[in-house]
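Along the sequence shown, residues are numbered consecutively beginning with 1.
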Amino acid sequence: MRIGLVVDSACDLPLSLLREHNVEIMPIALRFGNDRYVDERDPDATVQFYQQLIPEHGLSAESEPFSVDQISDLFLERMVTRFDRVLVVAIASSRSEIFNNATRASFAILKGYRQRRQAEGLEGNFMLRVLDSGQLFTGEGVLVWELLRWLQSQPEPHFDALQRHAEAFKQNVYAYAVPQDLFYLRARARQRGDRSVGWLQFQMGSMLDIKPIVEAHQGDTHPIGKVRHFETAVDQVMTRAIERIEGKRLLSPVIVMSYAGKTAALRKFPMYQRLKVRAAEAGVTLLESPMSTTAGIYLGPGAFSLGYAARD
């Protein structure tokens with residue numbers, strides 16, 4: 001049985017890793033006025049995006065997930081003959097329509113796949129399931145990395161067992177994000193009708209260089225702290241990860257980090273080297289990737305995210 005994984009492009013994992021494991025990427029389109037940019041997780045294009053497109057404060061931007069028809073076409077053209085079973089891991093449904101669109105598309109896919117498979121001489125049914133990860137960005141990356149690890153550990157993996165493992169594991173995934181410029185967080189929230197970041201908060205936060213640390217867990221996102229200076233806030237998040245490693249509380253030996261720009265910038269944070277050393281000592285994989293542009297339009301250039309799964 002050939003089992004495949006599909007992720008949306010908001011999943012923060014290195015493109016090389018996704019390609020190595022034949023993980024299909026479902027792109028997300030971004031609109032800037034009349035212009036359209038398609039996020040396919042290309043690292044060079046992503047860095048260029050942060051350097052050239054997004055820095056304009058006055059620019060209106062919004063994400064545009066693949067439609068039901070686009071998802072159906074993607075699967076019928078590229079997936080139903082490559083795999084027998086496919087699990088789609090989608091960004092939290094509380095933050096995006098990707099899960100709902102993929103779920104609706106699955107009915108059309110399951111009605112139309114037989115002709116495609118028969119033309120390739122393939123027997124047997126095709127099965128598709130869509131998983132609401134309840135996560136954002138690096139959190140989604142942690143979940144996908146764990147599912148790949150699970151598949152490699154099973155001599156004969158069963159699709160139902162993969163689904164059960166995914167549903168149980170996602171409950172313990174945590175992701176954290178720190179924006180460098182509060183403008184983007186406030187502007188995109190206002191576009192969605194969310195007034196949680198008010199003008200006075202924005203002005204005071206900017207004047208005093210106060211950065212929120214936002215936690216994503218089980219479909220919910222909320223600030224868990226406000227810290228003066230971006231570097232200090234990032235160090236606090238890295239310290240939290242170090243504590244989980246040292247306390248042997250990680251449920252999967254991986255920590256995923258992303259940065260809205262060149263990932264080499266991660267090395268400038270004081271806690272980075274300590275985190276790298278502790279991870280190496282404990283056999284924990286440390287993954288770094290450019291932050292998805294979908295995350296970037298909400299968090300802005302220079303934003304930081306980190307995810308792990310732990311007993312908390």
Ignoring hydrogens and geometry, is there a side-chain-to-backbone donor-acceptor pair from [X] to [Y] under 3.5 Å?
X      : Y      : answer
Arg117 : Leu122 : no
Arg116 : Leu76  : yes
Arg2   : Arg85  : no
Arg267 : Thr263 : yes
Asn101 : Ile71  : no
Arg41  : Cys11  : yes
Lys211 : Lys226 : no
Glu215 : Ile224 : no
Thr138 : Gly141 : no
Asp12  : Ser292 : yes

Show the nearest heavy-atom pair for residues [X] and [Y], with the distance to one decimal.
X      : Y      : result
Thr221 : Ala216 : CG2-CB, 3.8 Å
Ala233 : Ile213 : O-CD1, 3.8 Å
Glu140 : Asp8   : OE2-OD2, 3.1 Å
Ala303 : Pro179 : CB-CA, 4.1 Å
Gly302 : Gln180 : O-NE2, 3.1 Å
Ser9   : Asp39  : OG-O, 3.0 Å

Within the 6.0 Å centroid threshold, strictly below: Phe304 and Tyr259: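 Aromatic pair excluded; centres sit 6.0 Å or further apart.
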
Going through the checks in order, is the side-chain contact (heavy atoms from CB on, under 4.5 Å) test met by Trp145 and Ser252? CA-CA 9 Å; Trp145 190 91; Ser252 186; 3.4 Å; yes

I'd like to know whether [atom1] of [X] has more than 12 heavy-atom contacts from other residues, nucleotides or ligands below 6.0 angstrom.
X      : atom1 : value
Arg149 : CZ    : yes
Lys268 : NZ    : yes
Gln115 : CD    : no

Hey, are the side chains of [X] and [Y] touching, using non-hydrogen atoms and a 4.5 Å cut-off?
X      : Y      : value
Val256 : Tyr308 : no
Met257 : Leu286 : yes
Ile91  : Phe99  : no
Val254 : Val142 : yes
Glu231 : Pro270 : yes
Phe66  : Ile28  : no
Ser133 : Lys170 : no
Val6   : Val89  : no

Please verify the inter-ring angle class for Phe126 with Tyr113; under 30° counts as parallel, over 60° as perpendicular, anything in between as tilted.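 Answer is tilted, since the angle falls between 30° and 60°.
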
Say whether [X] and [Y] are linked into one hydrophobic cluster, either directly or through other cluster members, by side-chain heavy-atom distances under 4.5 angstrom.
X      : Y      : answer
Ile255 : Val237 : yes
Val23  : Leu17  : yes
Met26  : Leu143 : no
Phe75  : Met127 : no

Step-by-step side-chain contact (heavy atoms from CB on, under 4.5 Å) determination, Asn125 to Asp84: CA-CA 7 Å; Asn125 296 330; Asp84 305 308; over 6 Å; no

Salt bridge check, Glu281 against Arg278: does any charged N sit closer than 4.0 Å to a carboxylate O? yes

Intermediate values then yes/no, side-chain hydrogen bond (donor to acceptor under 3.5 Å, both in side chains), Glu97 and Asn100: CA-CA 5 Å; Glu97 284 297 308; Asn100 293 328; 3.2 Å; yes

Test log, rule salt bridge (Lys or Arg N to Asp or Glu O under 4.0 Å), inputs Lys276 and Glu288: CA-CA 11 Å; Lys276 186 175 181 180; Glu288 304 168 9; over 6 Å; no

Between Leu299 and Phe137, is the side-chain contact (heavy atoms from CB on, under 4.5 Å) condition met? List the steps. CA-CA 11 Å; Leu299 297 174; Phe137 321 139; 4.3 Å; yes

Does either side chain, that of Arg82 or that of Asn22, offer a donor lying less than 3.5 Å from an acceptor on the other one? no

Not counting sequence neighbours, list each pair that qualifies as a side-chain hydrogen bond (donor to acceptor under 3.5 Å, both in side chains) and has a residue in residues 151-166.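 Every pair satisfying side-chain hydrogen bond (donor to acceptor under 3.5 Å, both in side chains) with a residue in residues 151-166: Glu146-His165.
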
Any chance you could lay out the side-chain contact (heavy atoms from CB on, under 4.5 Å) test for Ile210 and Val227, step after step, and finish with the verdict? CA-CA 5 Å; Ile210 295 174; Val227 182; over 6 Å; no

